[in-house]
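Reading through the structure tokens given below for one structure.
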There are 2 protein chains.
Amino acid sequence: MKPVRAQGGVATRTANKLKRKQTILNTARDIIASGGYACFTLAELASQANVTVPTIHNLIGNKSEVLKQLVVDMVERTEKVLSSTAFSDPISAVESFTDNLMSLYQDDEAFYKAAFVIGEQESMFEHGHSGGIFKKSLKLAYQVCLDAKEHGFLAGNINSELLADRLFANQRIARYDWMHGYINLSEYRCQMICGMLLTFSADATDQYRPILIAKISHIFAQSAK
Amino acid sequence: MKPVRAQGGVATRTANKLKRKQTILNTARDIIASGGYACFTLAELASQANVTVPTIHNLIGNKSEVLKQLVVDMVERTEKVLSSTAFSDPISAVESFTDNLMSLYQDDEAFYKAAFVIGEQESMFEHGHSGGIFKKSLKLAYQVCLDAKEHGFLAGNINSELLADRLFANQRIARYDWMHGYINLSEYRCQMICGMLLTFSADATDQYRPILIAKISHIFAQSAK
DNA sequence: TTGTAAATTTTATGCAATATAAAATTTAAT
DNA sequence: ATTAAATTTTATATTGCATAAAATTTACAA
């Protein structure tokens, strides 16, 4: 008869495994942050993490799995920013949301850029995917539109879903230009704010529109300096 | 003394070379259009074009060169659409520009999608690049803004460069969603038109804005059907 | 402590794709 | 038909991802 073994062994091993896995992922993150996505090979990762390539396969999976883990981690951090945005008026909502994002990305810019590129390449941002960050962002944008209408900032002539779509789109295209290296973080900030406020302008009340446009002009002038 | 040779030989060879090169590129295009970008390997291309891999290297260059040639070809076709857009009013300018693009992409949708993805991957769309399609598109958008202001459609409260930036951005994000497979061609059309017209709305005169919004609502309602 | 079974890591190897040097062949003009 | 240049191919190197099987380590129990 086989000897009965306590379950402690498995638990300990599992815990250690998780630690080693995390070490490898952190190393992966460092490689991408310093050398860029192109430098990232399994051989390089294995070497820097002091393991061999099959170990990576064993602990995490194939290259795609490793990359996906990094993106999941990035998305989780980004989602925290989404949930911490409170509404008062469109201008401060947009500004505080943007600045929260910027301070997150600033810490480890190269990594966040790469993570977005990877997520795109690995098709992790499917719009339809209901639990996805895209759906959540869109929902947030929709809520901001409703609130803005409620508080008399918007005339309500334009469908809120359409408006939310466009807010979201303007946010994304700025990020897109940043993650592909066309613009830097501060230009990202300007384009995102200008794009979103301009979208609000399209449906703003006659009282609020001049305020939006003044803000937009101010931000734009800063960036062109 | 070396025998003097007429130049005819070289000319004939050069002409033939160009033809063979074009055959290979056409085959490459077919492979991508039918099987997608992932199927595209030099070995597959060589096989389908009835040559060997080194011949491709000799005639065109490495894999990246082959891909770039395809993108250059695609960009040239797209640029023709840009230059054929005449101005009358913002709505018809946007609509005719969009429909010209759509009819171009419709012919060979899979290829155009892939070509944009490749161009992005090969960093061929650098915004700064003065001769690039991006600068040209932006310039066209700027001209449309000036014309619109001139003809009394826009109030002129928003800087034309900023407005052109946003028009261009809204056009790009729609294309981006299409080329990554998030939306189909007809959604691409709706998003592009809605985005651009909404941008105009932000600075439209009080007379013109309702007309824009009516058009936007109409297009949006179509897409939601 | 020390033996042991399971988990884990590594060695060794395969495969696929890009790339190139050098040999063999084809080409176009004389 | 001959010839020199251009072109294609054969053969081979390199790199990166992946995995089977052998060797090693690990955590627990007696």
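Residue numbers begin at 1 in each chain, while the letters A, B, ... track the order of the sequences.
- Atom pair B:R20:CZ and C:dT26:P shows a separation of 14 Å (rounding to whole Å applied).
- Taking the ring centroids of A:Y142 and A:F168, they lie at or beyond the 6.0 Å cut-off.
- A sub-4.0 Å separation between OP1 or OP2 of C:dT8 and a side-chain N or O of A:N58 is absent.
- Nearest to the side-chain atoms of A:P54 among the listed nucleotides C:dA17, D:dT7, D:dA20 stands D:dA20.
- Side chains of A:L198 and B:L163 form a contact here, defined as non-hydrogen atoms less than 4.5 Å apart.
- Under the 30°/60° scheme for interplanar angles, the aromatic rings of B:F116 and B:W178 are found to stand perpendicular.
- Summarising the geometry, the separation between CG on A:N62 and C1' on C:dA16 is reported as 15 Å, rounded to the nearest angstrom.
- For D:dA6, neither phosphate oxygen OP1 nor OP2 lies less than 4.0 angstrom from any side-chain nitrogen or oxygen of B:N16.
- One can place CD of A:E65 at 10 Å from P of D:dA18, the figure rounded to the nearest angstrom.
- Taking side-chain N and O atoms only, A:T55 has a distance below 4.0 Å to OP1 or OP2 of C:dT10.
- Remark: A:K63 is not in phosphate contact with D:dG16, judged by side-chain N or O atoms under 4.0 Å from OP1 or OP2.
- In this structure, A:E44 places its CD atom 9 Å from P of D:dG16, rounding to the nearest Å.
- Contacts of A:T41 with the nucleic acid, taken as non-hydrogen atoms under 4.0 Å apart, involve only primed sugar atoms and P, OP1 or OP2.
- Here the P atom of nucleotide C:dT18 and the CD atom of B:E122 are 12 Å apart, to the nearest Å.
- When rounded to the nearest whole Å, the span between CG of A:L59 and P of D:dT25 equals 17 Å.
- Rounded to a whole Å, the NE2 atom of A:H57 is 19 Å from the C1' atom of C:dA7.
- As a whole-Å value, the separation of A:L18 CG from C:dT8 C1' is 15 Å.
- Using cut-offs of 30° and 60° on the angle between ring planes, the pair B:Y188 and B:Y105 is parallel.
- Side-chain atoms of B:L70 and B:F111, non-hydrogen and from C-beta on, do get closer than 4.5 Å to each other.
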